[in-house]
Amino acid sequence: MNLELQTLTWAQAASLQTDALIVLVSQKQDKTTGLLATMLAQAEKSGDFDSAAGQCMLWWKPPGLKTQRLVFAGTGQGRAQDVRQAVTLAVQSIKKSKSAKVSICLQDSHTPHLVVAAQAAADAAYVYTATKPSAKASLISKVTLGVPDAKLAEPAFAMACAQVAGVALAREWGNRPANHATPDLLAQAAKALSKHPKVSCEVLGLKEVLRLGMGSFAAVAQASAEPLRFIVLHYKGAAASQAPVVLVGKGITFDTGGISLKPGPGMDEMKFDMCGAASVLGTFEALAHLKPAINVVGLIPACENMPGGKALKPGDVVTSMSGQTIEILNTDAEGRLVLCDALTYAKRFKPSAVIDIATLTGACVIALGHLRSGLYATDETLASQLLAAGERSLDLCWRMPLDDEYAEGLKSNFADVANVADRAAGSVTAAKFLQRFAKDFPWAHLDIAGTAWKSGAAKGATGRPVPALLAYLVGQVGKPATTASSRRVKK
Ligand code: BES
Ligand code: MN
Ligand code: ZN
């Protein structure tokens, strides 16, 4: 989908030749004159439309206008989430029509609203076709964002284009079934990103992973016929002396649970267990478009979690790259086993921050549902910056606790740590496990089990938390440069 930015007043919109014109109307609407204002006043007077959030009215071939379709969409108080809802409803209402060119008339050139509107339009227009040829690809090919002052909106528009591309990539890979998104195919997708000038990619296989001592990651992969991949992405937008942010994405391309096998019903949804990895790919796609002056490293441990004769067994003890031994009490707690080695690997980049992103626990879905991702952090600045980035981008998270008492249950008689505790606070104990491997840098962990995809009729990947990650990273531009020599890493 193509995005375009344009200065567009209501008067100009009235003579716009397009397939569909979406006009956002808030309760704080200025009393403008002209044909659109007259139509709005009539629609309100007749009770057919009001500007409350969630209201939508479609006109077909409205007399006097050049557009084929006109949609008034109410944004109520005009909050970002109201703009999102209005654009979503409006685009859905014309999605099945023969509308290729869509223009959205926004009320201000305000940054977050423009990005939110663009994302909502792209999300509503998205159609999954990769393994469903019968699905008609979205007809909507061009969306024009009309604002009072296009010049003013240019930086926001650049952000919108980058985020939309990043979310699309994350959704696409999240949605692909496991046999169409193997660890090697993920690695190929990462390699494809290195066509962008500032992006490079390196892919490690089993030999290198074992040589590095990643015994925990390799153990998860050992029963699968699909070879594991450890993907390393670099985005170099600033001087090499600038410490990078490292993003680590859980890339379990299918999670059967292993010997601790999951129940059959709904197991298909475990193809989404690489949405953390997909969000890293999506964020790199967005960075490649936006080109901010920062450095970012992306790490993706990718493999399947399968049962079988070669599979890891409950009670097995593995040695992680950090040297810590781990007793596997439940082979279904595999995400933390692949992430811990990636976190140890992250240390070599002397990062300013490390953020891992993982569909880690069902317990997080119970705790926070599908609205907010679980955020854990050992660093207050990092925590508040991520929380704020989530609010700005409407990709919300919520801070969760890391009290040491929560780690009690991870004690083992046979290893340095067990991979599970009891059921209580399952999302927190998973984070406590990871924290043991993230002592050398400011660290945050996003448990996206509830937010990365939707179940039910709308089953599919959401592309979250690409918006929050991108907003956070863009917020790092111009932060005091750290030089390699001033960066101290605890050994
Ligand atoms: N990928 C799952 C987490 C998950 C479960 C996400 C359900 C979304 C919905 C993860 O690997 C897992 O299986 N976690 C276990 C941990 C348990 C064995 C301690 C879980 O949450 O049940
Ligand atoms: Mn699992
Ligand atoms: Zn999993």
Side-chain angles (χ1 to χ4, degrees), residues 1 3-14 16 18 20-59 62 65 67 69-95 99 102-126 140 143-150 152-153 156-157 159-160 163-164 167 371 390-396 462 467 471:
M1 194 188 77
L3 283 174
E4 199 182 71
L5 180 68
Q6 182 183 335
T7 296
L8 192 66
T9 62
W10 277 35
Q12 288 165 326
L16 201 66
T18 187
L21 171 65
I22 295 168
V23 179
L24 301 190
V25 186
S26 85
Q27 283 160 345
K28 296 181 280 188
Q29 186 65 41
D30 291 337
K31 293 281 166 274
T32 45
T33 52
L35 187 50
L36 273 177
T38 310
M39 291 171 79
L40 174 65
Q42 285 170 352
E44 282 178 330
K45 198 164 162 217
S46 66
D48 287 279
F49 178 74
D50 80 65
S51 51
Q55 295 293 313
C56 208
M57 181 191 184
L58 170 70
W59 312 53
L65 298 187
T67 180
R69 295 159 197 87
L70 168 68
V71 185
F72 282 135
T75 61
Q77 294 299 306
R79 299 171 308 166
Q81 54 267 54
D82 302 327
V83 170
R84 174 165 70 184
Q85 187 190 21
V87 172
T88 302
L89 290 172
V91 172
Q92 277 167 355
S93 76
I94 50 128
K95 191 175 177 180
S99 295
V102 178
S103 294
I104 304 174
C105 195
L106 297 162
Q107 273 191 6
D108 57 38
S109 316
H110 187 51
T111 307
H113 287 191
L114 188 87
V115 181
V116 160
Q119 190 62 61
D123 282 342
Y126 173 86
I140 300 173
V143 172
T144 303
L145 300 162
V147 292
D149 185 346
L152 208 69
F157 180 67
M159 180 81 172
Q163 185 186 297
V164 162
V167 168
L371 186 60
E391 301 291 327
R392 270 204 305 286
S393 58
L394 282 195
D395 183 1
L396 304 171
T462 61

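These numbers come from a predicted model, not from an experiment.
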- Item | CZ on Phe72 to CG on Leu58, rounded to 0.5 Å | 11.5 Å
- Before giving the answer on side chain to side chain contact (heavy atoms under 4.5 Å, CB included), spell out for Leu65 and Leu36 the whole-Å C-alpha distance, their side-chain angles and the decisive distance to 0.1 Å. CA-CA 9 Å; Leu65 298 187; Leu36 273 177; 4.0 Å; yes
- Item | Nearest atoms (heavy-atom pairs only) where Val83 meets Gly78 | CG2-O, 4.3 Å
- Message: To the closest 0.5 Å, what do you measure between CG (Leu3) and CZ (Phe157)?
- Response: 5.0 Å
- Query: Between CD of Gln6 and OG of Ser103, what distance do you get to the nearest 0.5 Å?
  - Reply: 6.0 Å
- Message: Using a 3.5 Å distance criterion without hydrogens, assess whether the side chain of Arg84 forms a donor-acceptor pair with backbone atoms of Leu394.
- Response: yes
- Task: Examine distances only and state if a side-chain atom of Thr144 and a backbone atom of Glu4 form a donor-acceptor pair shorter than 3.5 Å.
- Result: no
- Item | Where Ala118 and Leu145 come nearest, the two heavy atoms and their spacing | CB-CD1, 3.9 Å
- From Thr462 OG1 over to Tyr126 OH, what is the distance, rounded to the nearest 0.5 angstrom? 11.0 Å
- Query: Where is the tightest heavy-atom contact between Leu16 and Leu21, given as atom of each residue plus distance?
  - Reply: CD2-CD1, 4.2 Å
- Full working for side chain to side chain contact (heavy atoms under 4.5 Å, CB included) between Val87 and Val116: CA-CA 9 Å; Val87 172; Val116 160; over 6 Å; no
- Taking the side chain as every heavy atom from C-beta outward, state whether Ser51 and Glu44 have any pair of such atoms under 4.5 Å apart. yes
- Query: Between the side chains of Asp48 and Ser46, does any donor sit under 3.5 Å from an acceptor?
  - Reply: yes
- Answer whether the closest heavy-atom distance between the side chains of Leu106 and His113 falls below 4.5 Å. no
- Message: One pair to check against side chain to side chain contact (heavy atoms under 4.5 Å, CB included): Leu396 and Glu391. What are the steps and the verdict?
- Response: CA-CA 6 Å; Leu396 304 171; Glu391 301 291 327; 3.6 Å; yes
- Task: Provide the closest heavy-atom pair for Gln55 versus Phe49 in the form atom of the first, atom of the second, distance.
- Result: O-CE1, 3.8 Å
- Message: I need the minimum non-hydrogen distance between Ala53 and Asp82, along with the two atoms involved.
- Response: CB-OD1, 3.8 Å
- Item | Test log, rule side chain to side chain contact (heavy atoms under 4.5 Å, CB included), inputs Cys105 and Gln12 | CA-CA 10 Å; Cys105 195; Gln12 288 165 326; over 6 Å; no
- Note on the structure: In this structure, CG of Leu8 is separated from CD1 of Ile104 (nearest 0.5 Å) by 11.0 Å
- Query: Is it true that a side-chain atom of Arg392 and a backbone atom of Ala471 form a donor plus acceptor pair closer than 3.5 Å?
  - Reply: yes
- Query: Can you find a side-chain donor-acceptor pair between Thr88 and Gln85 that sits under 3.5 Å?
  - Reply: no
- Does Val147 offer a backbone N or O that forms a donor-acceptor pair with the side chain of Ser109 under 3.5 Å? no
- Item | Cys56 versus Val71, closest heavy-atom pair with distance | SG-CG1, 3.7 Å
- Message: Nearest 0.5 Å, please: how far is CG in Asp149 from OG1 in Thr9?
- Response: 12.0 Å
